[in-house]
Amino acid sequence: MTDDLVRYDCAADVARITLARPAHANAVDLPTARAFTAAVDRAADPAVRAVLVRGEGRRFCAGGDVTAMAAAPDREAYLEELAITLDLALQRLAALDKPVVAAVQGAVAGAGLALMLSCDVIVSAASTKFLLAYADAGLTPDCGVSYLLPRAIGQQRALGLALTGRTLTAEEASAWGLVNEVVDDTALGERALRLGERLAAGPTFALGRTKHLLRTSWVTSRERRGREEAQVIAEAVMTPEAATIIESFGRP
């Protein structure tokens with residue numbers, strides 16, 4: 001059952017997607033990647049106003065499931081299909097027209113970093129460790145890690161992590177701009193959920209379009225982005241949410 005691998009539920013307009021393989025450090029095999037894709041597709045429902053991504057148990061996500069790779073009759077074909085399937089799901093997650101919060105704990109490794117960086121706001125438990133870990137298995141980055149990580153922390157820091165195997169603490173990850181916020185381990189779940197609910201209560205159109213403008217700014221020119229911003233803000237001012245807020249400024 002896919003619900004045994006990735007759980008999905010929605011309350012207070014916040015969809016919660018939970019990796020549910022704690023005995024495997026929430027590592028992703030092919031069935032899990034497919035289940036995650038289905039959960040992201042469900043979160044695209046217009047009734048959902050924000051998304052929270054979590055990992056069950058002690059660790060957020062250890063990346064790809066190396067044990068499953070080792071057991072595959074055709075390792076090359078299996079790993080390529082796994083990487084493509086998960087990467088497409090992460091691209092869909094990043095492209096959702098609503099804010100996505102990640103709550104990370106324990107360890108974030110390999111493709112787990114790509115999952116985390118495909119979310120918009122990242123809350124980390126204070127004890128979390130961050131590492132690439134690909135070279136430890138004789139492998140190379142996948143699922144957009146080589147695209148997302150340098151944009152988050154800079155090329156030289158990304159190269160250092162990838163080539164030396166360095167592990168970052170949550171405090172270092174925060175200082176480097178890899179995560180948005182670090183909280184006490186016991187406060188992680190509550191803080192991330194409250195943040196998701198606050199975003200869900202915000203102006204949906206404005207938050208979704210703001211996310212899109214920022215995430216796609218790497219692949220467009222300054223001139224084109226300026227024109228797109230003008231078009232989008234003109235659309236935004238006509239939404240009921242913006243009208244209510246703007247009209248309140250003129251009230252005594």
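Residues: numbered from 1 along the sequence shown.
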CG of D185 to CZ of R58: how many Å apart, nearest 0.5 Å? 11.0 Å
Please tabulate, for side-chain N and O atoms in residues 136-149, each donor-acceptor pair with protein atoms closer than 3.5 Å (sequence neighbours left out).
| residue | atom | partner | partner atom | Å |
| --- | --- | --- | --- | --- |
| D142 | OD1 | Y134 | OH | 2.5 |

Between the side chains of R49 and E241, is the shortest nitrogen-to-carboxylate-oxygen separation below 4.0 Å, so that they form an ion pair? yes
In a check of side chain to side chain contact (heavy atoms under 4.5 Å, CB included) between L132 and each of L161, L168, L163, which one passes? L161
State yes or no: do L86 and L117 share one hydrophobic cluster built from I, L, V, M, F, W and Y residues joined by side-chain heavy-atom distances below 4.5 Å, directly or via other members? yes
From D87 CG over to L82 CG, what is the distance, rounded to the nearest 0.5 angstrom? 10.5 Å
Looking only at heavy atoms, which two atoms of D120 and R215 are closest? And how far apart? OD1-NE, 2.9 Å
So which heavy atom on I17 is nearest to which on A43, and how close? CD1-CB, 4.3 Å
State, yes or no, whether a side-chain contact exists between R194 and R198 at a heavy-atom distance under 4.5 Å. no
Looking only at heavy atoms, the pair that brings I122 and L178 closest together is CD1-O, 3.5 Å
R7 side, atom CZ; E56 side, atom CD - distance, nearest 0.5 Å: 4.0 Å
Using the salt bridge (Lys or Arg N to Asp or Glu O under 4.0 Å) criterion, which residues pair with R16? Sequence neighbours excluded. D9
Got a sec, which residues hit salt bridge (Lys or Arg N to Asp or Glu O under 4.0 Å) with R225, two or more places apart in sequence or on another chain? E228
Is atom CD1 of I233 surrounded by more than 12 heavy atoms (other residues, nucleotides or ligands) closer than 6.0 Å? no
Specify the closest pair of heavy atoms between A133 and A109, including all atoms of both residues, with the distance to one decimal. CB-CB, 4.4 Å
Are V51 and L195 co-members of a hydrophobic cluster defined by side-chain heavy atoms under 4.5 Å apart? no
Min side-chain heavy-atom separation F36-L90 under 4.5 Å: yes
For the residue pair V6 and L19, establish whether any side-chain heavy-atom pair is separated by less than 4.5 Å. yes
Donor-acceptor contacts under 3.5 Å from residues 61-71 side chains, at least two apart:
| residue | atom | partner | partner atom | Å |
| --- | --- | --- | --- | --- |
| D65 | OD1 | T67 | N | 3.0 |
| D65 | OD1 | A68 | N | 3.1 |
| D65 | OD2 | R21 | NH1 | 3.0 |
| D65 | OD2 | R21 | NH2 | 3.3 |

Student check: side-chain heavy atoms of R34 and T85 closer than 4.5 Å: yes
Just do the side chain to side chain contact (heavy atoms under 4.5 Å, CB included) check on L96 and L93 with the steps written out, would you? CA-CA 5 Å; L96 288 175; L93 180 69; 4.0 Å; yes
Separation of L213 CG from E229 CD (nearest 0.5 Å): 6.0 Å
Check: D45 main-chain N/O paired with K98 side-chain donor or acceptor under 3.5 Å: yes
E80 atom CD, over 12 foreign heavy atoms within 6.0 Å: no
Suppose we screen for side chain to side chain contact (heavy atoms under 4.5 Å, CB included). Which residues come up paired with T169, at least two apart in sequence or across chains? K129, E171, E172
Let me confirm one number: the CZ-CZ distance from R227 to R222, rounded to the nearest 0.5 Å. 10.5 Å
Can you see which heavy atom on A94 is nearest to which on K211, and at what distance? O-CE, 2.9 Å
Single-linkage hydrophobic cluster V14~Y8, side-chain heavy atoms < 4.5 angstrom: no
Could you see if V182 belongs to whatever hydrophobic cluster contains V101? Use Ile, Leu, Val, Met, Phe, Trp, Tyr and a side-chain cutoff under 4.5 Å. no
With a 4.5 Å limit on heavy-atom distance, are the side chains of F60 and T128 in contact? no
Of all heavy-atom pairs between F130 and A170, which one has the smallest distance, and what is that distance? CE1-CA, 3.8 Å
Measure the spacing between CG of N26 and CD of Q105 and express it to the nearest 0.5 Å. 7.5 Å
Hydrophobic cluster identity match, V100 and V179, side-chain contacts under 4.5 Å: yes
Sequence neighbours excluded, which residues qualify as salt bridge (Lys or Arg N to Asp or Glu O under 4.0 Å) partners of R92? D41
